[in-house]
Amino acid sequence: MADSLDPISQFKDDLIVALAQESAISAQDLRSSLSVPPRDDLGDVAIACHRFAKSMGVNPNELASRFSEAAMRAECVAEAKAQGPFVNIFWDRGRLASDTIGAVRQSFNSDLPGGFVAGAEGRGRRIVIDFSSPNAARKLAFHHLRGTAIGAALARLYEARGFKVVRLNHLGDYGHNMALLLYKLSELDPDSSSTDQLPALSPQKLQELYVEANLEEQAEPERVKSAARGWLKRLSSNDRIAQQRWQMIVTSTTEALDKTYSRLDIHFDEYRGESRYFDEAIGVARSLVATGTASVDPENGSIFVPPEDGFQPIVLVNSQGISTYEGRDIAAAIERYHDFTFDRCVYLTDVGQGGRFRSFFAAMQRAGYAWAAGLSHVGFGQMRLGGRKAKTRGGDAVALDDVLDEAHQRAMDEVEGRLKSADAKVAGETSSEGVSTEGQELAQTAEQIGIGAVLFSQVRMRRTADFDFDLDEAVSFKGETAPRVQYTFARICSILAKAGVDIEAALTVDGGTDIGGEGSPVRSLLDDPLEHRVVKAIALLPTAARQALASDDPSFLADGVLAITDAWASYQTAGARERTDLRVLAEDPALRQARLELAAATAIAVRDGLAILGVECPEYM
Ligand code: ARG
């Protein structure tokens, strides 16, 4: 298989070859002059000639007409019109339809996961992705969702593009939050010297205690801080009681995390908590002192990297001789490189942490770790809940599980509502997305819709943008939402079923007897502008995947999927209303066959794009 299945790029390459024969302009320059005309009826792609004309010393309008003639010689071009200094180019619609559907079907032959959005640029390369990484002693909170959803989507995307991916959860199981909780537990059990184990506490209970401890700390900072410090000291000196309690907290936390992650179908290769680097971080700090990258504060003995070249100073070991979050991160990076020899290691956190990450990456390079050039911070914007920060002070936060339950319930209501109205109606072409009435299947569909809606809402916006989360909006069947895309898939399944096509075969294996195998000749019949729009949107999905990869931003892929959904909706709606000549289930057998092939390709593209984003497509909804 080529680097990726990418019909539009193939068309552009052919066009550029034709244009290059007409001038001495490099292929790269020609490529960068291509743009998309403002309206579909003006063409599929345009070339601006001013710049070239100037450097060649010719009249731009004249160059445009020479280019239009040259473009016509490319087989993928149906028409090229010079318009002033521009050339507007129309692709051969039938050929693009044929190549695009062919590429979608060919994607079943890829040895990479990811189907139509698979690619090979990552072959032989390894990436470590550190994402979600919440602090222990709390349930996964709603504000963790964004990093969790984006990180999981990137992990799937990298895998689909051929990378070997390691998913790590850098659990915050050390430091002040743990110390506070240990202090609070000691209050519950004043005889802290007793070696009797405390009973295991639920994450809910731990969270409550943590919130109380935070409030106490605000009221009496001196007393609580010093007590917490005492516990951290006990923990770091392997005090048995401190260790037992710490273990109880970590076990309780990870059990609860695993449940929530598996509900989201997200898995980590490993939890590697901060505690793992507690001691090692001190040795690493000393080695940075030895290379001259870090210094020891003569007054209090702390170890720090001084500010340099606009980078923030970093404290690695504090005045109590305890490693810091930053110090542990450096030790963790060294271990990761040792264990995985990654080409890249990315850290997903809110954009606010970007400065500290960039500072420690730079410090590591100064210290001589050349591979640290492969470290990068991928920041995401803030999510607000009802206009407020989703994260509240004092550690009290909205639990993610509660939001997922609510999303499930709303999806259930929606699907049940549709069921009732479908029962009431006589099934017509647009209302036959039959829902299975089996309770269990209904619950599964509601879960796919609810979870899908929530995850999609997190990746749809540009990664660094702040946004307001609105559950009603996220689970709505209207707008830029997962349920709307999922509904497109289900509608297509219902059309295929109506046509007597074996859905399983059409959407899961190469060809499927009813849907035409390699190079089916009827595809070239798809030349209506509305069909062309669907074809183009599908053909552009691999470009969207590449863009998402290059910018570590899955929202580009979400845009691509939404564009296919829009195009399909206009096409199908037109066919059901004013343009009956566009009905998918046309009378003419060849046309019907071609349109069914387009329908199946649309469903596959949408499904493969959504899968990367963590959204499943039920066949009925
Ligand atoms: N636990 C941190 C937080 O909740 C995120 C950790 C990110 N990963 C890392 N290696 N520092 O903000």
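This chain uses plain numbering: 1 for the first residue, then up along the sequence. If you're wondering where the values come from, they're calculated on a predicted model, not measured in any experiment. Note that these values count all heavy atoms, side chains included, but never hydrogens, waters or copies made by symmetry.
Contact record, F304 with D297: CE2-N, 3.8 Å, taken as the closest heavy-atom pair. Among all heavy-atom pairs drawn from W246 and L182, the shortest one is N-CD2, 4.1 Å. Contact between L455 and L613 at its shortest, heavy atoms only, is CB-O, 4.2 Å. A pairwise comparison of heavy atoms in A228 and A179 identifies O-CB, 3.4 Å as the closest pair. Nearest heavy-atom pair, Q204 versus K139, reported as atom, atom and distance to 0.1 Å: OE1-NZ, 3.1 Å. Here the closest heavy-atom approach between residue V615 and residue G452 is recorded as CG2-O, 3.6 Å.
Proximity of a side-chain donor or acceptor of T253 to a complementary backbone N or O of A137 within less than 3.5 Å is detected. Here the side chain of S555 pairs no donor or acceptor atom with the backbone of A558 at under 3.5 angstrom. N300 places no side-chain N or O within 3.5 Å of a backbone atom of S319 that could act as its donor or acceptor partner. In terms of modelled atom types and a separation under 3.5 Å, the side chain of R484 and the main chain of G479 share a donor-acceptor contact. Side-chain N or O atoms of S476 include none that pairs as donor or acceptor with a backbone N or O of D472 at under 3.5 Å. Between the side chain of S252 and the main chain of M248, no donor-acceptor pair closer than 3.5 Å is present. The backbone N or O of V315 sits less than 3.5 Å from a side-chain atom of T324, completing a donor-acceptor pair. Of the possible polar contacts, none joining the T565 side chain to the V485 backbone as a donor-acceptor pair under 3.5 Å is found. In this structure a side-chain-to-backbone donor-acceptor pair under 3.5 Å is missing from D309 to F311.
Considering only heavy atoms from C-beta on, L180 comes within 4.5 Å of H176 through its side chain. Side-chain contact check for T254 versus L171: some heavy-atom pair is nearer than 4.5 Å. Proximity of H170 to D329: side-chain heavy atoms (C-beta onward) are separated by under 4.5 Å at one or more points. The shortest side-chain heavy-atom distance between L316 and V305 falls under the 4.5 Å cut-off. Between R123 and L112 the shortest side-chain heavy-atom distance falls below 4.5 Å. At a threshold of 4.5 Å between non-hydrogen side-chain atoms, the residues Y277 and V284 do not count as touching. Side-chain atoms of D130 and F268, non-hydrogen and from C-beta on, never get closer than 4.5 Å to each other. Using a 4.5 Å heavy-atom cutoff, the side chains of R272 and D339 are in contact.
Each of I127, V166, L375 was checked for a side-chain contact (heavy atoms from CB on, under 4.5 Å) with C345, and the lone residue meeting it is L375. Put simply, the residue from Q448, Q444, Q486, R607 that forms a side-chain hydrogen bond (donor to acceptor under 3.5 Å, both in side chains) with E616 is Q448.
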Could you walk me through whether I249 and L201 pass side chain to side chain contact (heavy atoms under 4.5 Å, CB included), step by step?
CA-CA 8 Å; I249 298 170; L201 299 174; over 6 Å; no
Pair S376, R344 - check side chain to side chain donor-acceptor pair (under 3.5 Å), show working.
CA-CA 7 Å; S376 58; R344 272 186 87 205; 2.8 Å; yes
Walk me through whether Q353 and Y347 qualify under side chain to side chain donor-acceptor pair (under 3.5 Å).
CA-CA 10 Å; Q353 290 195 39; Y347 299 77; over 6 Å; no
Set out, in order, the CA-CA distance, both residues' side-chain angles and the distance that settles side chain to side chain contact (heavy atoms under 4.5 Å, CB included) for V346 and L154, then state yes or no.
CA-CA 10 Å; V346 303; L154 288 178; 5.7 Å; no
Take V454 and L471, measure what side chain to side chain contact (heavy atoms under 4.5 Å, CB included) needs, and give me the verdict at the end.
CA-CA 8 Å; V454 171; L471 187 57; 4.2 Å; yes
Could you walk me through whether I282 and R286 pass the side chain to side chain contact (heavy atoms under 4.5 Å, CB included) check?
CA-CA 6 Å; I282 297 186; R286 293 208 183 104; 3.7 Å; yes
Report the C-alpha distance between S323 and Y174 in whole Å, list the side-chain angles of each, state the deciding distance to 0.1 Å, and finish with yes or no for side chain to side chain donor-acceptor pair (under 3.5 Å).
CA-CA 10 Å; S323 60; Y174 224 93; over 6 Å; no
Start with the C-alpha gap between N238 and Q243, add the side-chain angles, then the distance that decides, and say whether side chain to side chain donor-acceptor pair (under 3.5 Å) holds.
CA-CA 6 Å; N238 292 334; Q243 290 274 337; 3.1 Å; yes
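Taken to the nearest 0.5 Å, the CD1 atom of I266 stands 12.0 Å off from the CG atom of D258. Interatomic distance, L157 CG to L549 CG, rounded to the nearest 0.5 Å: 5.0 Å. Taken to the nearest 0.5 Å, the CD1 atom of I129 stands 13.0 Å off from the CG atom of N169. Note: F556 CZ to R463 CZ = 9.0 Å, rounded to the nearest 0.5 Å. One finds the CH2 atom of W371 at 11.0 Å from the OG1 atom of T341 (value rounded to the nearest 0.5 Å). Once rounded to the nearest 0.5 Å, the distance linking CZ of R161 with CD1 of I612 reads 9.0 Å.
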Pairs of donor and acceptor atoms involving the side chains of residues 359-367, under 3.5 Å and at least two apart or interchain, shall be tabulated with distances.
from	atom 1	to	atom 2	distance (Å)
S359	OG	Q312	N	2.9
S359	OG	G355	O	2.9

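Pairs passing the salt bridge (Lys or Arg N to Asp or Glu O under 4.0 Å) check and including a residue from residues 370-380, sequence neighbours excluded, do not occur.
Salt-bridge annotation for D405 and R263: present, with a side-chain N of the basic residue lying under 4.0 Å from a carboxylate O of the acidic one. Electrostatic pairing of R167 and E159 counts as a salt bridge here, judged by a charged N lying under 4.0 Å from a carboxylate O. Here K259 does not pair with E255 in a salt bridge; the nearest charged N to carboxylate O distance is not below 4.0 Å. By the 4.0 Å N-to-carboxylate-O rule, R146 lies too far from D466 to be salt-bridged with it. One finds no salt bridge joining D265 and R156 here, because no Lys/Arg side-chain nitrogen approaches an Asp/Glu carboxylate oxygen to under 4.0 Å.
No side-chain N or O of S551 forms a donor-acceptor pair with one of Q547 less than 3.5 Å apart. Looking only at atom types and distance, the side chain of H144 has no donor-acceptor partner in the side chain of S132 under 3.5 Å away. Looking at T260 and D401, their side chains do bring a donor and an acceptor atom within 3.5 Å of each other. In this model, a donor atom of one side chain and an acceptor atom of the other lie less than 3.5 Å apart for D173 and S275.
Residue-environment remark: CZ (R31) exceeds the threshold of 12 foreign heavy atoms within 6.0 Å.
Listed by chain and number, the residues in a side chain to side chain donor-acceptor pair (under 3.5 Å) with Q320 amount to none (sequence neighbours excluded).
Between F469 and F142, the gap from one ring centroid to the other is short of 6.0 Å.
The aromatic rings of Y158 and F163 sit perpendicular, their planes meeting at an angle over 60°, well past the 30° parallel limit.
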